[in-house]
Every structure is written in structure tokens, then in C-alpha cells.
Number of protein chains: 2
Amino acid sequence: MKIDPDSSKDLSAQIAAAIRDAIISGKLPVDERLPSETELSEQFEVSRSTVREALKRLAAQSLIRTQRGATGGAFVNRLRFEDAYGQQITTSTLLLSMNSVSFRTACEARYALERACAPLAAERRTADHLATMRAEAHRQAQPGLTDEAFCASDVAFHRALVDAAANPVLSYQLAGAVEAMQPLMNMITFSARDRATIIDLHTQIANALDQHDAETADALLVQLSDYTQSLAESVFAARAAQKADVT
Amino acid sequence: MKIDPDSSKDLSAQIAAAIRDAIISGKLPVDERLPSETELSEQFEVSRSTVREALKRLAAQSLIRTQRGATGGAFVNRLRFEDAYGQQITTSTLLLSMNSVSFRTACEARYALERACAPLAAERRTADHLATMRAEAHRQAQPGLTDEAFCASDVAFHRALVDAAANPVLSYQLAGAVEAMQPLMNMITFSARDRATIIDLHTQIANALDQHDAETADALLVQLSDYTQSLAESVFAARAAQKADVT
DNA sequence: AGACGTTTAATTGTCTGACAAATGAAAATT
DNA sequence: AATTTTCATTTGTCAGACAATTAAACGTCT
């Protein structure tokens, strides 16, 4: 094991890449212990600090975990869906904010993906999922709820919908899309009438899933999507007008 | 700026988290230069090595980039969709392999997501997208193509379909689902007849999109999904039988 | 003044060596 | 046999050094 010292990349990046490839290819199975930092530094012929930087890179991606002590070391981490959610959400949120993705685009993606879940959710939803969805709808109806709390509950409702599809791959992929929308949703002010409309649709969606009625659920999601889009547009239009007044 | 040295986490993890939060919250805008490693080590009251390990963690997530030299340093990175694709694919692939997700589950997720794209793709597909899809379908028909090359072309076809939806958020989310399927697809042996059926469906899908016919495209995707599932089942059943014979 | 090479200062990348802290295993003690 | 102590191993942190890189500042020549 030797590393090209003339490459354009850092040594620690190259070493991280080498170990990452070994993990992805399956050469290093889950829970396998890597050689100690000292051993790795000998194998790659670099200093221990360089090896450590490489290991930190891998740890940041949850590819390894480390443990101190006599029997400690770095171990290949079983990447769990729950662990990946956080990273997925962070990345999605940053992607949206840093690339100034429009509300329209993000909303379109989110509802397109949710509609993909609806038929499966209608088939497989458990009493638990329905209870969660209805509890969130109820929470959304409480007076005195801040816009942020309303949005947070909205996210919880939609996550329950996605989870009802009982497909971990879908849940993982959609966690990013749904949660990353929250900052954008928070830019909207919801009037009492707006909220009532949304809560009504939420309740109807829960009912449709209860009845295993995929078509109705899908139609309701389309309504919700359209309503959200129009709401956002009117809010942004109002703001633009206000800005024009000031100028 | 001080870090709790008694926390359960590593100092470098805490510092990385602090900087990450500053980036996510927008306190550190894109292209902003972080203080130099020496300055950071003074601010956080830790050694330079610890700061470096923290920075490597952030670099592994593409949150920062570093540059050497007089005007160098660490800069907040604009996270681009293209950069995020790679990580998304790596993570998705590992999630599937490490959690032994069944072919059925992964396939279901993939086609559910693709069907979500179909209506948008039917509306917005450009001549470019159609050309790519048809070129891949043509490649798939070439004799002597290995199963792996066939699968790779299949992935390229479906990526073109997803990209035709012209929604970067969807493209990003689906890149993981589509690409992560490839290792699973590679486990299947495609007979000439299997390939012909798939290529025919691919061609029909391209035609449906050409005609802006979302419903037909959707129906074809359902067919393709069902066919892939049945193909996988028969392959796995045959293997199980063979294994039982040997035993 | 402007073009062109040189020096210089700042910054990251790498290395070395050291010690602290954690942790399980082995040894010693009760 | 149970408990305590010791010990070896390994990661976490620190300090200091030097190399490599880079752009700006400086000089020099035309």
C-alpha cells in the first residue's frame, strides 16, 4: 500500500479515498477493525497525523467509528438509514439555500415525490401512521400556534405519510426533500383561513389513506400542492408590491 | 468561542459542528474565508492539529474547500448539485448493501420515484433528452454487450428520463435511487429475450415522452417495473433451486 | 511608467515526538 | 472466586518544526 505523493490531492484525501473504496467494494466488511493509526501510517508511509486526518474524513461520512482503549480502534460502521437521514437533510437544505432554488421548484419536487408514496401508503398504512397524521392535523388547528410550529407540524405530518409507504429507501430519499422545504415554508405567513384549508386537506388525506383510497389521496395531494404554490405566489407577490411601494 | 472539553464528543467533532452550524445558519456566507488554522486554534483554545481534523471533517462533506498560499485558507464552499450527486450515490449504495435491502424494496422505490418524474418529463423533455434515451436504447440492442454494460446503459437511460423532468431537486434525489440500484441489477443475468422486452419498453417510453403523453409513459413504467420484478424473482428462484440441488 | 524577475510573508500540508485519557486484559491480592 | 491493581494498547490532544505554495510587495531594467 503506497500513495502517490505527487498527486494534486492531499495525502489524507488519497488515503481516505483508498479506505473508502475498500469499504464500498466490500473488502472491509461491517464492524471490521482497521489497523491502528500507527500501523496505517507505516503501511501508507505517512505520518500519524496524516492518517488521522484521513480517518476524520471518513468519520464525517459515518463510514467509520472510533473507540479508545486497548481493544479500540477504527471500525467500519454499519451505515443506518437513521444516521443517513441527518446528512441527507443537511445536504438538501444547503443545496436549496446555496443554489437559490425557487419555492416553485422545491415544492414541485416535494409533492411529486410524495405522490409517488401515496399509493403505497394507502395500501400499507398502519393505525399508528394514521394516528400520527391525525394528531399533527389536530395540533395544527390549535389557536396561538406560531407559523414555525405550524410548519414543523406540517413536516411531521408529511413524514408520517412518507413512512406509511413502509419503504425505507423512499423514506430516506424523501426525508431530504420534505425537511429541506421547511426553511422555505417558514418564509410564508399563514392566515387562519389558509391554515383551515390546509388542515382540512390533511384530514381528508388521512381519511383517504384510512380507506385505502389511493386515487383520492393522490387528488388531495395535487390540491394541496396547488394550494401551497398559489399561497406562496400571493405572499411573494405581496412582498414585491410592498417593496415597490417603498422604493 | 470556547468548546466544552468535558463533552462526550471529540474536540474536533465539536469544532466541526460549530462551524457547520455557522454555515447552515448563514452566518458564514458562501465564499467567505474562515480564519486561518492558527487563528481558529486560538479562538477555540485548542491545538492546530485539532482544528485541522475539524476542517477535514467539513471538507469531507464539501462544506469547505482549502487553498494554500498567502491568500489561501479555508473557504465556505458553494455546494453544487453535481458535487452532492457523488456523495448521495455513495451513501445510497452503502445503505442498500449494508442493510441488505431486498431487490423488491429498492426496485419499488426506484420506480415509484421515476413515475413521479414521468408527468414532468413528458411536459418538458427536450430533443436532447429524447436523443440520449434513444441512443441508450440503441446501445442496449447491440449484440455482445455484457450484462454490466447493459445495466450501465440502463442507468444512463433512466437518468436521462429523470433529467428530462428539468427539476434539479428531483434529479439530485433520484440520482441516488437510480445509481444505487445498479449493483443489485448487476446480479441479474439478462437473456436475449429479456433484453428485447426491456429495450422495447425503453423505446416506447421515449416515444410516449416525445408525444407528451404522460399517461402512456406512466403505464409503460409500471410495466417495466413489473417486468423487472418478475425477472429478478425468477432469477433468484432459479438460484435458490440450484443451491438446493447442490445441498 | 511599465514590464519582468525577486523577495517576502502568509497559509496550508506534512512530519516528529510527546503526553493524557480511555479501556480491556492480565496479574496480583484478598 | 471475587475484587482490585497493574499494564499494554490505542485514540485524543498538544507543541514545534519544516516544506510547499501562493500572491502581494519590492526592485530592476527597458
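Everything numeric here is computed off the predicted structure, so don't read it as measured data. Throughout, a chain's letter reflects where its sequence line sits, starting with A, and its residues are numbered from 1.
Cation-pi geometry between R159(B) and Y85(B) is met: the NZ or CZ atom falls under 6.0 Å from the ring centre, inside 45° of the normal. In this structure, R139(B) forms no cation-pi arrangement with F150(B), as its terminal cationic atom is not both closer than 6.0 Å to the ring centre and no more than 45° off the ring axis.
Rounded to a whole Å, the CZ atom of R68(B) is 5 Å from the C1' atom of dG13(C). For the pair D10(A) CG and dC15(C) P, the computed distance is 11 Å after rounding to whole Å. What separates CZ of R65(B) from C1' of dT12(C) is a distance of 15 Å, to the nearest Å. Atom CD in E53(B) sits about 16 Å away from atom P in dT12(C), given to the nearest Å. The interatomic distance linking R52(A) (CZ) with dA20(C) (C1') rounds to 13 Å, in whole Å. Residue Q67(B) contributes atom CD, which lies 10 Å from atom P of dG13(C) at whole-angstrom precision. Regarding L40(B), its CG atom lies at a distance of 16 Å from the C1' atom of dG13(C), rounded to whole Å. Here the C1' atom of nucleotide dT16(C) and the CD atom of E45(A) are 17 Å apart, to the nearest Å.
OP1 and OP2 of dG13(C) both lie 4.0 Å or more from every side-chain N or O belonging to S49(A).
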Quick one: do T228(A) and S225(A) satisfy side-chain hydrogen bond (donor to acceptor under 3.5 Å, both in side chains)? Show the steps, please.
-> CA-CA 5 Å; T228(A) 309; S225(A) 170; over 6 Å; no
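Between E108(A) and R115(A) no salt bridge is recorded (no basic side-chain N to carboxylate O distance below 4.0 Å). With respect to R65(B) and D31(B), a salt bridge is recorded, a charged nitrogen being found less than 4.0 Å from a carboxylate O.
Under the ring pair (Phe, Tyr, Trp, His ring centres under 6.0 Å) criterion, F157(A) pairs with H202(A), sequence neighbours left out.
The residue among A70(A) and A70(B) whose nearest nucleotide of DNA chain C is located toward the 5' end is A70(B). Between R48(B) and A13(B), it is A13(B) whose nearest contact on DNA chain D lies nearer the 5' terminus.
No more than 12 heavy atoms of other residues, nucleotides or ligands shown are found within 6.0 angstrom of CD on E148(B).
Closest approach to the T50(A) side chain among dA25(C), dC15(C), dA9(C) is made by dC15(C) (side chain taken as heavy atoms from C-beta onward).
A nucleotide of DNA chain D counts as in contact with chain B when one of its atoms lies under 4.0 Å from a heavy atom; the first and last such, 5' to 3', are dG12(D) to dA23(D).
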